[in-house]
K.L.:
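Below is a structure I'd like to ask you about.
Counting convention: from 1, in listed order, for ligands and their atoms alike.
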Amino acid sequence: MPKSVRKAVIPAAGLGTRFLPFSKAVPKEMLPVIDRPVIQYIIEEAVDAGIEDILIITSRHKKVMEDHFDRHTELEAVLAGKGKTAEADEVRALSELADIHFVRQGEALGLGHAIGTAKNHVGDEPFVVLLGDDIMLNSVLKGMIASYEEHQSSVVALMEVPKENISSYGCAAIEPVVASGGSATSSNLVQVTDLVEKPAVDVAPSNLAIMGRYLFTPSIFDEIERTKPGVGAEIQITDAMLSLLGSQTMYGYTFSEGRYDTGMKIDYLRAVVDFALDREDLAPEFRQILLAAVKREGLA
Ligand code: UTP
């Protein structure tokens with residue numbers, strides 16, 4: 001009987017150099033998108049996909065993330081005392097979202113290294129990885145877990161990007177998944193045949209970029225331990241995955257929209273605008289603000 005996917009790992013120990021100066025003292029994973037920090041959306045996505053146990057990889061400068069998912073009994077009591085029961089319930093619910101644990105990555109040595117620190121907690125189970133600054137509003141994680149239940153192999157989320165941008169990402173070469181009858185299946189699932197971290201445009205094997213969600217079997221930990229520092233002198237998860245490809249079939253789960261890389265200033269702004277337009281309490285007034293800005297800037 002294959003083990004079900006119960007655990008998630010959220011690496012959130014990076015230095016956030018693309019979001020300075022904000023990220024000097026406050027983790028970029030705590031950037032607010034309206035009134036919730038980025039990492040809360042990510043945890044809610046994991047819980048929605050059936051995850052019960054979450055390990056956040058953190059660092060010594062990021063204690064505020066632990067506080068956000070802890071009880072705040074004083075605040076709850078004040079809110080309850082003022083009759084603000086909905087607000088009190090919302091604050092308490094943050095500590096009950098899932099079984100949330102923390103482990104520290106002593107030094108930001110790369111994403112592969114960060115995931116490696118989860119080894120003892122994960123143990124001998126398949127698990128998902130959700131990057132701490134990548135919000136996804138789609139059912140990619142659920143689809144990846146369903147694929148694991150069918151094939152018991154690793155799965156990685158892949159999104160087509162303009163070819164000229166591929167050198168900012170891990171890149172996958174793929175083949176169609178062939179069904180038992182010999183024909184290619186029509187789902188989002190493809191088979192990964194090669195992986196390269198941040199390839200030059202002219203040697204990139206495709207324009208499919210690895211995007212923020214991974215599902216691994218525990219054998220990834222042995223590969224991470226064997227992986228030497230790669231691009232940027234960091235221990236790259238793409239390199240560990242490439243070694244895994246030698247011994248395990250790996251699938252790619254393709255998708256085309258619903259992802260926000262909030263670790264990049266411009267994509268963070270897109271997230272704030274889209275999420276505000278989706279909020280009944282804010283959208284009417286916010287639309288007026290946008291319209292005025294569009295007029296002022298002569299955009300329409
Ligand atoms: P990023 O590459 O987006 O994060 O990693 P970064 O290194 O903090 O960003 P920049 O390039 O300096 O701006 C994706 C996720 O992996 C975590 C980050 O916190 C982020 O949520 N990460 C990255 C770690 O936990 N440890 C690391 O060593 C590197």
K.L.:
For Lys28, take its heavy atoms, then give the atoms of ligand 1 lying under 4.0 Å from any of them.
P.N.:
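It comes down to these atoms of ligand 1: 1 (P), 3 (O), 4 (O), 6 (P), 8 (O), 9 (O).
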K.L.:
For the 3.5 Å polar cut-off, considering only N or O atoms, please tell me whether Ala13 and ligand 1 meet it.
P.N.:
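Ala13 vs ligand 1: N/O contact under 3.5 Å present.
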K.L.:
Measure the distance from atom 22 (N) of ligand 1 to every protein heavy atom, then report the residue, atom name and distance (to 0.1 Å) of the closest one.
P.N.:
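Result: Gly14 N, 3.5 Å.
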K.L.:
Which of the atoms in ligand 1, numbered in the order shown and given with their element, are less than 4.0 Å from a heavy-atom of Thr17?
P.N.:
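Close to Thr17: 10 (P), 11 (O), 12 (O), 13 (O).
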K.L.:
If you measure from each heavy atom of Gln105 to ligand 1, is any distance below 4.0 Å?
P.N.:
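Within the 4.0 Å threshold, so yes.
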K.L.:
Any idea which atoms of ligand 1 are less than 4.0 Å away from a heavy-atom of Arg18?
P.N.:
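By the 4.0 Å cutoff, the relevant atoms are 1 (P), 3 (O), 9 (O), 10 (P), 11 (O), 13 (O).
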K.L.:
Between Tyr148 and Phe127, is the ring centre distance below 6.0 Å?
P.N.:
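When the ring centroids of Tyr148 and Phe127 are compared, they turn out to be at least 6.0 Å apart.
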K.L.:
Check the angle between the aromatic planes of Tyr214 and Phe216 and answer parallel, tilted or perpendicular using the 30° and 60° thresholds.
P.N.:
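Correct class here is parallel.
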K.L.:
Heavy-atom contacts with Ala108 under 4.0 Å: which atoms of ligand 1 show up? List them by number with element.
P.N.:
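Close to Ala108: 28 (O).
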K.L.:
Between ligand 1 and Phe19, is the shortest N or O to N or O distance under 3.5 Å?
P.N.:
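N/O-N/O distance under 3.5 Å: no.
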K.L.:
Under 4.0 Å, heavy atoms only, figure out whether ligand 1 is touched by the backbone of Ala114, its side chain, both or neither.
P.N.:
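The part of Ala114 near ligand 1 is the side chain, not the backbone.
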K.L.:
Check for me whether the distance between the ring centres of Tyr260 and Tyr41 falls short of 6.0 Å.
P.N.:
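No, they do not, as the ring centres are separated by 6.0 Å or more.
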K.L.:
Near Leu109, which atoms of ligand 1 are under 4.0 Å from a heavy atom of that residue?
P.N.:
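Answer for ligand 1: 28 (O).
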K.L.:
Identify all side-chain donor-acceptor contacts of residues 189-208 below 3.5 Å with residues at least two apart in sequence or on another chain.
P.N.:
unit_1, atom_1, unit_2, atom_2, d
Thr193, OG1, Ala173, O, 3.2
Glu197, OE1, Thr238, OG1, 2.4
Ser206, OG, Ala172, O, 2.5
Ser206, OG, Leu208, N, 2.9
Asn207, ND2, Val161, O, 3.4

K.L.:
In terms of atom number and element, which parts of ligand 1 are under 4.0 angstrom from non-hydrogen atoms of Leu111?
P.N.:
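Checking each atom against Leu111, I get 16 (O), 29 (C).
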K.L.:
So, regarding Leu15 and ligand 1 (criterion: nitrogen or oxygen to nitrogen or oxygen, under 3.5 Å), is there a contact or not?
P.N.:
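Min N/O separation from ligand 1 is below 3.5 Å for Leu15.
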